[in-house]
Amino acid sequence: MGSPSSGPAHLSNGGVSLLLTPDRWGLPALVHWGAALADDDVPGLLATDVAAVLNSSLDAPRSFPVVADRHHGWSGTPAVQWEVGGATGGPLHHIGTTTDATTARFELADGELALVTVDYRLDSAGVLHARASIENRSTDGELAVGALRLLLPLPARAREILDFTGKWTGERRPQRRLVGDGTWSRASRRGRPGHDSAFLVLAGTPGFAFRTGEIWACHLAWSGNQEQFVERLPEGAGVHSAVIGAGELLDLVEVRLAPGERYDSPEVLFAWSDQGIDGVTDRFHRSVRSRPEHPSPPRPLVLNTWEAVYFDHDLDRLTELAKRAADVGVERFVLDDGWFRGRRGDTAGLGDWFVDETVWPGGLRELSDRVHELGMQFGLWFEPEMVNPNSDLARAHPQWLLGELPDLGWRHQFALDLSQPEVVAYLLDRIDRIVTDCRVDFIKWDHNRDLHASLHSRTGASGVHEHTLALYRLLDELAARHPALEVESCASGGARADLGILAHTQRVWASDTNDPVERHMIQRWTATLLPPELVGSHVGPAEAHTTHRTAVLPFRLVTALFGHAGIEWDLLSCDPHELEALARWARLYRELRPLLHGGRTVRADDVDEGALLHGVVDPDRKHAVYAWVRTDTSATAHTPRVALPGLDPRRRYRVRIRPETGPASRHQVADPAWLTEAEQGVVLSGRVLTRDGVPLPLLNPGQAMLLELTAADD
Ligand code: GLA
């Protein structure tokens with residue numbers, strides 16, 4: 001940790017700077033967050049940091065302190081709200097700063113009552129990790145926490161907002177608007193981020209796109225209730241125009257601290273880039289990959305049984321399926337919902353985590369052993385936080401339920417109250433035993449409803465905050481008992497896909513849809529924050545189960561390649577050509593996964609609305625793979641040159657079409673001539689490829705092809 005300081009704090013790392021200086025109250029105030037500052041920029045910014053005194057306003061210039069609230073003239077969303085003994089918290093005073101080149105800690109206090117701490121860490125990828133805490137310093141009396149938010153300033157040129165919404169099978173739909181006066185606030189009170197999660201809020205220069213524009217982005221690493229927002233007041237925020245921020249959304253009486261207790265906010269991640277959305281993505285991916293808990297490569301190819309058999313579990317059939325899976329190259333076989341007592345459909349059984357003896361008379365170990373003998377890992381579905389009223393557990397322990405009203409079932413299920421230690425002890429014991437007895441290598445951990453219980457429920461449940469922390473602790477305890485166990489966060493698809501849960505799990509299930517048109521969009525935007533190795537993406541059958549759209553196999557294969565790949569398809573219904581195609585694709589996945597899971601994700605801007613060009617370029621820019629995809633027909637009769645982003649302009653590259661995913665049908669008579677040569681391998685300059693671009697074929701809708709580029713100059 002750094003040394004005490006009473007002057008400005010300048011954090012700089014990875015091409016980004018954060019500058020703060022004491023304001024006229026001595027509070028650390030935000031001067032700059034964005035491009036790395038040169039030494040002589042700092043005095044200039046500090047010298048110009050005092051705002052005008054405005055008409056009909058405060059009699060002194062406004063600043064923007066790290067814990068902005070009304071006590072110091074901030075009329076926007078407060079950074080901190082708390083109350084002791086019926087009185088709201090008073091003004092905070094600065095009591096200490098400790099800082100070094102990349103970290104800073106600011107301590108602020110309200111007399112003897114409360115201590116607020118704000119921590120910043122700027123990592124080598126340029127991502128700023130911000131956290132705050134509040135401690136009850138009083139000797140008597142509870143301190144109730146209303147909110148603890150992390151806010152950073154935005155300049156006037158950040159005029160557009162991009163964030164996300166969505167629905168079941170349609171997660172991560174981008175939405176854009178202009179920054180205006182007022183608050184653009186995205187809240188989740190669902191007990192999970194939700195299918196419509198804001199996910200990542202980006203504010204940027206007008207028209208910012210994948211490859212262009214300056215962007216300030218914010219993500220909350222938290223899996224419970226939350227808010228993320230951009231806010232602009234007519235008087236600004238000190239010399240800044242607006243603010244961007246996030247925090248946990250707390251219920252009125254949810255966090256009450258006894259003397260000496262502390263509330264820690266979730267981490268808020270802030271990323272700045274002047275290289276467009278891809279620049280933000282690159283920072284997040286590098287930051288996420290540098291975490292000690294990041295799952296190690298290679299990410300095994302998965303087969304998940306849900307859409308193959310649903311609840312229809314049968315040892316012989318599943319054994320045949322496992323054999324087929326092993327034949328095509330699957331490395332992890334996951335048995336989905338339906339294996340535990342009473343679970344013949346979705347109306348009963350949740351909570352009874354015992355292998356159903358009527359369906360599995362010999363236990364699950366038989367299947368698990370066969371799967372292991374076939375050289376695959378064995379995975380199993382759980383939904384630990386939930387219970388069906390029609391279960392032995394609910395009948396025996398009605399007081400374990402979170403307390404939703406009885407007519408507020410959702411998929412016929414209710415949530416358990418994880419803040420009760422007996423509930424967690426039961427879950428831990430059951431999961432631990434099944435994992436041990438059945439040699440489970442991987443858990444698909446599901447969460448199929450919003451939480452709607454009130455804090456005044458009949459059980460006195462302590463709310464989403466405690467529930468979320470208890471979930472994290474439960475996952476950590478399982479990891480401690482089973483260090484090699486991996487866990488996927490699923491919530492009816494992608495309703496709990498955040499960096500909070502990913503600190504305790506190894507991947508997310510992005511969506512319940514395997515329809516490649518929908519999937520391509522979901523993965524494209526999920527990848528804005530999460531590197532592809534953390535995002536499960538499976539090949540489904542020709543007719544998607546969720547949309548009933550039919551898609552050709554090459555398109556489905558290309559789509560599933562750009563993630564942690566797998567199969568969600570009854571392989572026993574596949575013909576020999578399909579099995580051969582899957583086996584070819586599995587080999588391709590194994591060959592390309594070091595690149596796909598270690599490279600830089602890039603997306604082209606200048607293609608028509610029905611087309612997508614995206615790829616992954618390795619860090620040395622010697623090897624790249626791009627997908628050229630058409631989801632819809634083109635408005636124009638041809639495809640003009642398309643730039644392949646992210647290559648080294650000084651290199652030369654050998655370009656070839658990878659045939660393994662199968663041919664993509666064309667809406668034209670013949671390909672651009674260069675591409676015909678590319679079948680043998682053609683060498684082109686990086687400058688031409690990445691700056692000027694190359695003409696690409698006009699594909700039919702619902703088609704995709706892969707281009708691989710390898711540096712040809714050494
Ligand atoms: C949820 C998941 C699916 C599947 C089912 C099983 O809907 O998102 O992938 O596991 O539950 O019931």
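We count ligands from 1, going down the list as the structure has it; atoms in each ligand are counted the same way. Residues: numbered from 1 along the sequence shown. Computed from a predicted model, the values in this text were never measured in an experiment.
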Got an N/O contact under 3.5 Å between [X] and ligand 1?
{"X": "Asp337", "answer": "yes"}
{"X": "Gly493", "answer": "yes"}
{"X": "Arg343", "answer": "no"}

Within a 6.0 Å radius of atom CZ on Arg524, are there more than 12 heavy atoms belonging to other residues, nucleotides or ligands?
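For Arg524, atom CZ is crowded (more than 12 foreign heavy atoms under 6.0 Å).
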
Problem set entry | Neighbour count above 12 (heavy atom, 6.0 Å) for His548 NE2 | yes

Anything under 30° is parallel, anything over 60° is perpendicular, the rest tilted; go ahead and classify Trp509 against His538.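 Judged by the thresholds at 30° and 60°, the geometry between Trp509 and His538 is tilted.
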
Centre of Phe199's six-membered ring, under 6.0 Å away, within 45 degrees of the axis: is that where NZ or CZ of Arg172 sits?
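Yes - Arg172 lies over the ring of Phe199, closer than 6.0 Å to its centre and within 45° of its axis.
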
Geometric cation-pi criterion Arg343 and Phe311, 6.0 Å radius, 45° cone:
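Not flagged: Arg343 not positioned over aromatic ring of Phe311.
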
Margin query: Using a strict threshold of under 4.0 Å (side-chain N to carboxylate O), is an ion pair present between Arg496 and Glu385?
Written below: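 Salt bridge: yes.
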
Counting only heavy atoms closer than 4.0 Å, does ligand 1 sit against the backbone of [X], its side chain, both, or neither?
{"X": "Ser492", "answer": "backbone"}
{"X": "Asp346", "answer": "neither"}
{"X": "Glu383", "answer": "neither"}
{"X": "Arg411", "answer": "side chain"}

